[in-house]
Amino acid sequence: MMTIPESTSAEAFDRYVPGRLVAASNGWKNLLVRIYSEPRVEERVAYPAVAEPRIVRILSGAAAVEEREPGGPWLKTHIQAGDFFLTASQSPYEVRWRAIGPEALSTMHLYLGLPVFNRAMEEAFPKDQGGMHLRDVSGFKDNFLSALLDGLHKELLSRHQGSSLFVEGIAQSLAGHLARTYADETTPEHKGGLPGFRLRKVRDLMVTHLEDEFSLTRLAREAGMSEFHFSRAFKRTTGFKPSQFFINLRMERARRLLRETNRSIIEIGLDVGYTSPSHFARIFHREVGISPSRYRRSYGRAKP
């Protein structure tokens, strides 16, 4: 696989797409659109970051798509015709996929010009557009977005040059819709991460279900994101993978119960989701540095 830069331009992004280019817009203001016939199987392709908001729409076919940060775990999303990916992150990522069923896999890639997008953000958030950012999502459906892109698709494949007035109107509608629907509040140090209200919702869900098995799917659904984008945003915000943060919360509750109650260590292990006492003891020792019984003795609690 070729070495890729950290970032590139929308115009140069074509060289990193493995599919065969079928059609491309020519001279459209604030919009660059390309249609590709994609390979049925792609083992790994690395995509650099791009400054413009990037939308990929599945025009035909279905596939199991996996995404990851370079070197990280693969996270899967099943997609079909009509689904979208929205990427606004400023870091590269890797993708692989395998087509499902006999239908050919084709995609539409759209890059929205920053001038029209920035104007939409200023209009939507006149007091704090600098504190907002688009969130990344994978395999989502959006009926309004579909209608806009259907119009662009027909315009691109028509025999005519394309109406500049029509295309500019679509670009403005797209920009406004993205700003109103997919922008979240964030802080500069957490750019690309989870905004505060989403992090609170996810943390509350974790705390409520500490005794349950860890579920990345449930947490990502609560955040309204794909598993891949949720994992990436969560780590940027907290410094931890969601699974490790969940373990930290379990250990925090276990330490409190060991300090403040006389409940048995077995009961406490069950309370924080470990049905096996030996498993609980092993995880506790790994995370805290000493065994649960020794931790309890160090706080002067009577041995149960």
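Because the structure is a prediction, the values reported are computed rather than measured. FYI, the numbering just counts along the sequence from 1.
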What I'd like to find out is whether the side chain of [X] reaches to under 4.5 Å of the side chain of [Y], using heavy atoms alone.
| X | Y | value |
| --- | --- | --- |
| Leu219 | Arg221 | no |
| Leu174 | Leu152 | yes |
| Phe284 | Ser291 | no |
| Phe166 | Glu155 | yes |
| Arg98 | Arg40 | no |
| Leu59 | Glu38 | no |
| Val33 | Met108 | yes |
| Phe280 | Val272 | yes |

Classify the side-chain pair [X]/[Y] by whether it contains a donor and acceptor separated by less than 3.5 Å.
| X | Y | answer |
| --- | --- | --- |
| Asp136 | Tyr182 | no |
| Ser37 | Ser106 | no |
| Arg236 | Ser91 | yes |
| Thr217 | Glu227 | yes |
| Ser231 | His229 | no |
| Arg54 | Tyr47 | no |

Answer yes if [X] and [Y] sit in the same cluster of Ile, Leu, Val, Met, Phe, Trp and Tyr residues linked by side chain heavy atoms under 4.5 Å apart, and no otherwise.
| X | Y | result |
| --- | --- | --- |
| Leu270 | Leu249 | no |
| Ile100 | Val41 | no |
| Ile170 | Leu114 | no |
| Leu148 | Leu157 | yes |

What is the minimum heavy-atom distance between [X] and [Y], and which atoms define it?
| X | Y | result |
| --- | --- | --- |
| Ser9 | Val50 | C-CG2, 3.7 Å |
| Ala46 | Ile4 | CB-CD1, 3.5 Å |
| Ser173 | Phe144 | O-CE2, 4.4 Å |
| Ala179 | Met121 | CB-SD, 3.6 Å |
| Arg296 | Leu257 | NH2-O, 3.7 Å |
| Val207 | Arg253 | O-NH2, 3.3 Å |

Would you give the length of the straight line joining atom [atom1] of [X] to atom [atom2] of [Y], rounded to the nearest 0.5 angstrom?
| X | Y | atom1 | atom2 | value |
| --- | --- | --- | --- | --- |
| Glu52 | Asn30 | CD | CG | 10.0 Å |
| Gln172 | Leu31 | CD | CG | 10.0 Å |
| Met206 | Asp212 | CE | CG | 12.5 Å |
| Lys241 | Lys235 | NZ | NZ | 5.5 Å |
| Arg232 | Tyr93 | CZ | OH | 7.5 Å |
| Asn118 | Leu112 | CG | CG | 9.5 Å |

Review point. Does atom CD1 of Ile266 have more than 12 heavy-atom neighbours, drawn from other residues, nucleotides or ligands, at distances under 6.0 Å?
Key: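 Check fails, neighbour count at 12 or below.
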
Check your understanding: For Gln244, does the CD atom have more than 12 heavy-atom neighbours from other residues, nucleotides or ligands under 6.0 Å away?
Key ->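 Buried by this count: over 12 neighbours within 6.0 Å.
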
Review point. After noting the C-alpha distance and the side-chain angles of Leu145 and His177, does the key distance pass the side chain to side chain contact (heavy atoms under 4.5 Å, CB included) rule?
Key: CA-CA 8 Å; Leu145 201 57; His177 182 64; 4.1 Å; yes

Quick one: do [X] and [Y] make a salt bridge, cutoff under 4.0 Å?
| X | Y | answer |
| --- | --- | --- |
| Glu213 | Arg218 | no |
| Glu42 | Arg96 | no |
| Asp271 | Arg250 | no |

Review point. Thr181 side chain to Leu178 main-chain N or O, any donor-acceptor pair under 3.5 Å?
Key: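 Judged by distance alone, no pair lies under 3.5 Å.
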
Point to revise | Check: Trp28 side chain, Ala171 main-chain N or O, donor-acceptor pair, under 3.5 Å | key: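 No, the answer is negative, given that no donor and acceptor are paired below the 3.5 Å cut-off.
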
Practice item. Could you go through the side chain to side chain contact (heavy atoms under 4.5 Å, CB included) check for Thr8 and Tyr16 one step at a time? Key: CA-CA 10 Å; Thr8 190; Tyr16 306 103; 4.0 Å; yes

**Study point:** Listed partners of Ser278 passing side-chain hydrogen bond (donor to acceptor under 3.5 Å, both in side chains), at least two apart
**Key:**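 Per chain and number, Ser278 pairs via side-chain hydrogen bond (donor to acceptor under 3.5 Å, both in side chains) with Ser276.
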
Check your understanding: Can Phe13 and Glu11 be said to form a side chain to side chain contact (heavy atoms under 4.5 Å, CB included), step by step?
Key -> CA-CA 6 Å; Phe13 201 89; Glu11 291 76 14; over 6 Å; no

If you look only at distance, which donor and acceptor atoms sit under 3.5 Å apart when one is on a side chain in residues 72-85 and the other is two or more places apart or in another chain?
| unit_1 | atom_1 | unit_2 | atom_2 | d |
| --- | --- | --- | --- | --- |
| Asp83 | OD1 | Lys141 | NZ | 2.6 |
| Asp83 | OD2 | Gln80 | N | 2.9 |

Check your understanding: Should Arg119 and Glu123 be marked as a side chain to side chain contact (heavy atoms under 4.5 Å, CB included) after you check the CA-CA gap, both sets of side-chain angles, and the distance that decides it?
Key -> CA-CA 6 Å; Arg119 286 200 304 272; Glu123 183 180 85; over 6 Å; no

Point to revise | Pairs touching residues 231-263 that satisfy ring-ring contact (aromatic ring centres under 6.0 Å, His included), sequence neighbours left out | key: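 Sorted pair list: Phe214-Phe246, Phe230-Phe234, Phe234-Phe245.
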
